[in-house]
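Okay, structure first, notes after.
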Amino acid sequence: MSDIKLGTGLATGMMYHAPVGTALPTSPATKLDAAWKEVGDVSADGISLATDKKTDLLKNWANVVKRIIMTEHSETIGAPLIDTTEETLKTVLGSGNVTATAATADHGALITANLSASTLPDPEMYLFLMKDGEDMIGIGGEGQITSVDKIAFKPGEAITWTPTITAVNDGFKLITDDGAKVGA
């Protein structure tokens, strides 16, 4: 147990999502209920959390700052996903923009994704779990995918879908569990 934490993804290395209103786990060590579904593997680059605070300065007549007021606050998570599955594409591009067709005698299972859709995916609950020894960290909350980074199709590299998830309503929460159980 250390005060210095590593941001290593849980053994599955997955991003999870659930319908809006699904409760976040009270501890990152809690087994997820059935509402949480795996979206896909996060690449070794890990996730990135950004917070942006915009402020206004209140100055008196002598131009001295007397108070700082936060006027805007936003949080985003970037999550490079290396899976190209129906679940990944429906999450990143919006379920209405992805169609799956079962395999037939003429072709395998097909996925058609509208890459130029003019709608954003619906808001969902998102969750990322990390583990460092017995220490665990969870970051999650309600968010909406507002953009997807440039996608490279290169030999020898995974196709990576990197959505930007923007927090909505209560924003994202960080929960830690140091793994030290009383009486254990």
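Just the heavy atoms: all of them, side chains too, but no hydrogens, waters or symmetry mates, feed the values below.
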Partners passing side chain to side chain contact (heavy atoms under 4.5 Å, CB included) against Ile175 (at least two apart in sequence or in another chain): Pro28

For residues 109-123, which side-chain donor-acceptor pairs fall under 3.5 Å, sequence neighbours excluded?
from   : atom 1 : to     : atom 2 : distance (Å)
Asn114 : OD1    : Ser116 : N      : 3.0
Asn114 : OD1    : Ser116 : OG     : 3.3
Asn114 : OD1    : Ala117 : N      : 3.4

With Glu86 via side chain to side chain donor-acceptor pair (under 3.5 Å) - residues at least two apart: Lys90

Whichever hydrophobic residues join Ile82 through chains of side-chain contacts under 4.5 Å: none

Contacts of Lys31 that satisfy side chain to side chain contact (heavy atoms under 4.5 Å, CB included) - sequence neighbours left out: none

Side chain to side chain contact (heavy atoms under 4.5 Å, CB included) against Glu87, all qualifying residues, sequence neighbours excluded: His17, Lys37, Thr85, Thr91

Side chain to side chain donor-acceptor pair (under 3.5 Å) contacts in which one or both residues fall within residues 45-68, not counting sequence neighbours: Asp52-Lys54, Lys53-His73

All side chain to side chain donor-acceptor pair (under 3.5 Å) counterparts of Ser27, not counting sequence neighbours: Asp177

Note, Ile165 side chain near Phe128 side chain (heavy atom, < 4.5 Å): yes

Qualifying side chain to side chain donor-acceptor pair (under 3.5 Å) pairs with a residue from residues 138-153, counting only residues at least two apart or across chains: Glu142-Asn169, Thr146-Thr166, Ser147-Thr164

Sequence-distant partners of Thr30, side chain to side chain donor-acceptor pair (under 3.5 Å), two or more places apart: none

All side chain to side chain contact (heavy atoms under 4.5 Å, CB included) counterparts of Leu174, not counting sequence neighbours: Ile137, Ile139, Thr176

Fellow cluster residues of Ile68, listed by chain then number, with links counted only when side-chain atoms sit under 4.5 Å apart: Leu57, Val65

